[in-house]
Q: 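Just passing along the structure, written as structure tokens.
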Amino acid sequence: ANQGSLGSIDALLGCPLYLPKNELLTGDAWNGLLRSQKEISCLALFYGINWIIELINSFSTQIEGQHASLTQATFEEISAKLLKRLQNLIFL
């Protein structure tokens, strides 16, 4: 029905990811965490990174293929969100 278009779920690109604060991941704060808290923090980062990779892989096909159902405004919006996700990935 959508012919490969992800336009109906493009809000996923802009949804926030809730990850541990940077301050918790370095120095004394990290050393003060329990083992279970460290594991949770590492897993959150791991899954966050993988989620961003999946978003980029999925939605980049929309840009590459330039589906007929994509308006110029939607094309530009998805492009901007993809670039933001790339920035997020580099940061993590």
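Quick caveat, the model's predicted, so the values are computed rather than measured.
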Q: Roughly how far, to the nearest 0.5 Å, is the CZ atom of Arg85 from the CH2 atom of Trp51?
A: 9.0 Å
Q: How about CG on Asn31, more than 12 heavy atoms from neighbouring residues, nucleotides or ligands closer than 6.0 Å, or not?
A: yes
Q: Could you report the tightest heavy-atom contact between Leu33 and Ser41, atom names first, then the distance?
A: CD1-OG, 4.4 Å
Q: If Ile, Leu, Val, Met, Phe, Trp and Tyr residues are connected whenever their side-chain heavy atoms lie under 4.5 Å apart, and connections chain through other members, are Tyr47 and Leu24 in the same group?
A: no
Q: Would you give the length of the straight line joining atom CG of Asn50 to atom CG of Asn57, rounded to the nearest 0.5 angstrom?
A: 10.5 Å
Q: Please give me the minimum heavy-atom distance between Leu82 and Leu55, naming the atom from each residue.
A: CD2-O, 4.2 Å
Q: Could you tell me the separation between the SG atom of Cys42 and the CD atom of Glu39, rounded to the nearest 0.5 Å?
A: 8.0 Å
Q: Could you pull out all residues at least two apart from Gln87 that satisfy side chain to side chain donor-acceptor pair (under 3.5 Å)?
A: none
Q: In terms of hydrophobic clustering (I, L, V, M, F, W, Y; side-chain heavy atoms under 4.5 Å; direct or indirect links), are Ile40 and Leu25 co-clustered?
A: no
Q: Let me confirm one number: the CG-CG distance from Leu17 to Asn88, rounded to the nearest 0.5 Å.
A: 7.0 Å
Q: CG of Asn22 to CH2 of Trp30: how many Å apart, nearest 0.5 Å?
A: 12.0 Å
Q: If you take all heavy atoms of Gly48 and Leu92, which pair is closest and at what distance?
A: C-CD1, 4.5 Å
Q: Honestly curious: do Leu89 and Phe46 fall in one hydrophobic cluster under the side-chain, below-4.5 Å linking rule?
A: no
Q: Look up atom CD1 in Ile52 and atom NZ in Lys84, then write down how far apart they are to the nearest 0.5 Å.
A: 10.0 Å
